[in-house]
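First the proteins, then the strands, lettered A, B, ... as listed; each starts at 1.
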Amino acid sequence: MAVRLCDVASLLRSGSWAAEPWTGVIAAMETQLSNGPSCTSSNGPNSVSNTCTSPVEMPNGSEDSKTNLIVNYLPQNMTQEELKSLFGSIGEIESCKLVRDKITGQSLGYGFVNYMEPKDAEKAINTLNGLRLQTKTIKVSYARPSSASIRDANLYVSGLPKTMTQKELEQLFSQFGRIITSRILVDQVTGVSRGVGFIRFDRRVEAEEAIKGLNGQKPPGATEPITVKFANNPSQKSSQALLSHLYQSPNRRYPGPLAQQAQRFRLDNLLNMAYGVKRFSPMTIDGVTSLAGINLPAHAGTGWCIFVYNLAPDADENVLWQMFGPFGAVTNVKVIRDFNTNKCKGFGFVTMTNYDEAAVAIASLNGYRLGDRVLQVSFKTNKTHKA
DNA sequence: TGCGATT
């Protein structure tokens, strides 16, 4: 590698980061750091899930640490050694920890750095906060002391007006306490709000008050009420994602009538390519767009979204992969579950890349008997109203 | 007859 982080350290010590030398060093660091596993996350912070509290235990009744820092928005591929190397450039470090997912070992994008001297911690904030590493802008701030009262203070908010900004979201929630972080999720392609976000309060009691005060309420000017509840534990999500990837392995396909129908479709596609004749296309794109305003299929640029109704309460993602996978490229499946019981609410979604494959899957699977239930399968519509 | 979204 061209530039090592310890080289950066000496540069930082010599104070030569003003103007050009600094940007050169950072550019070199970005090159070096991007040599690791690919990081596909979009620009901006990717992790505010610092549900773990500082590993530095504070004595009872003591005030906040002046030496312990939390570092957020670290690049996915940054190691603990690189973190220590970067922050060691400021002064002597007592301890350093990069927080990783317990199951997958993946970096959660944040860590803790505890200095020997308070002045070095202060210097690290002044020097390294806002530093750009790859696509991330790291945040360096004092860590809150480890305590039970700040755990589980993270809220998941849905049903937000698409026009609501992060600032407006914070204004809405700030009446209930001190907000540590906030975020509104946006569509990766369009950048438009997905109407979903997160609010982390300083203390759990503040989060509880916000749920009482805002869940089911309409924000000023909004036409629909919002849902406010405690966010899921992020480590559960990573293991679920891991399992989903396992289900995508090629040998998941099983022989049977559906697979045969799917094979036939693939053969037809090959013949289409070979002879330039479209032999098997139940609907055309034009046929669909002519229905605009009545039942426009949901196509977000990433694929065609399919609505699957009448799933059993114990249905899981695996069954959707198995049913739809044989018809072509499936990029995502989702079983919608009740938050409290974790049982399927009777429906789910499947995203398929290609329109023709999605159309055949729908034609083949609509009315399909799964166990003692008859499935209803169609393109997802844009229904948003509540029953 | 029911259309989500969990950093």
* **All side chain to side chain contact (heavy atoms under 4.5 Å, CB included) counterparts of A/L169, not counting sequence neighbours** =>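 Once residues adjacent in sequence are excluded, the partners of A/L169 under the side chain to side chain contact (heavy atoms under 4.5 Å, CB included) criterion are A/L160, A/M164, A/F173, A/I184, A/I199.
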
Just how far, in rounded Å, is [atom2] of [N] from [atom1] of [X]?
X	N	atom1	atom2	answer
A/L311	B/dG4	CG	C1'	13 Å
A/I336	B/dT6	CD1	C1'	11 Å
A/L375	B/dC3	CG	C1'	15 Å
A/K345	B/dG4	NZ	C1'	8 Å
A/K380	B/dC3	NZ	P	9 Å
A/F349	B/dG4	CZ	P	5 Å
A/I226	B/dT6	CD1	P	17 Å
A/D187	B/dT6	CG	P	13 Å

* Asked: For B/dT6, does either OP1 or OP2 sit under 4.0 Å from a side-chain N or O belonging to A/K334?
  ->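 It does, given that an N or O in the side chain of A/K334 lies less than 4.0 Å from OP1 or OP2 of B/dT6.
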
* **N or O in side chain of A/R194 less than 4.0 angstrom from B/dT6 OP1/OP2** =>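 So the side-chain polar atoms of A/R194 do come within 4.0 Å of the phosphate oxygens OP1 or OP2 of B/dT6, strictly under.
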
* Asked: Salt bridge or not for A/D202 and A/R144, using N-O below 4.0 Å?
  ->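 Looking at A/R144 together with A/D202, the answer is yes, because their closest N to O distance falls below 4.0 Å.
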
Distance-only donor-acceptor pairs under 3.5 Å for side chains of residues 215-223 of chain A, two or more places apart:
residue : atom : partner : partner atom : Å
A/N215  : OD1  : A/V228  : N            : 2.9

* To do: For A/F347, answer base if it contacts any base atom (sugar-phosphate contacts may also be present), sugar-phosphate if it contacts only those atoms, and nothing otherwise; contact means non-hydrogen atoms under 4.0 Å.
  =>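 A/F347: backbone/sugar contact only, no base atoms under 4.0 Å.
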
* Options B/dT1, B/dG4, B/dT6, nucleotide nearest the side-chain atoms of A/N332 ->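 From the listed options, B/dG4 comes nearest.
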
* To do: Classify the ring geometry between A/F347 and A/F307 as parallel (under 30°), tilted (30 to 60°) or perpendicular (over 60°).
  =>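 Correct class here is tilted.
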
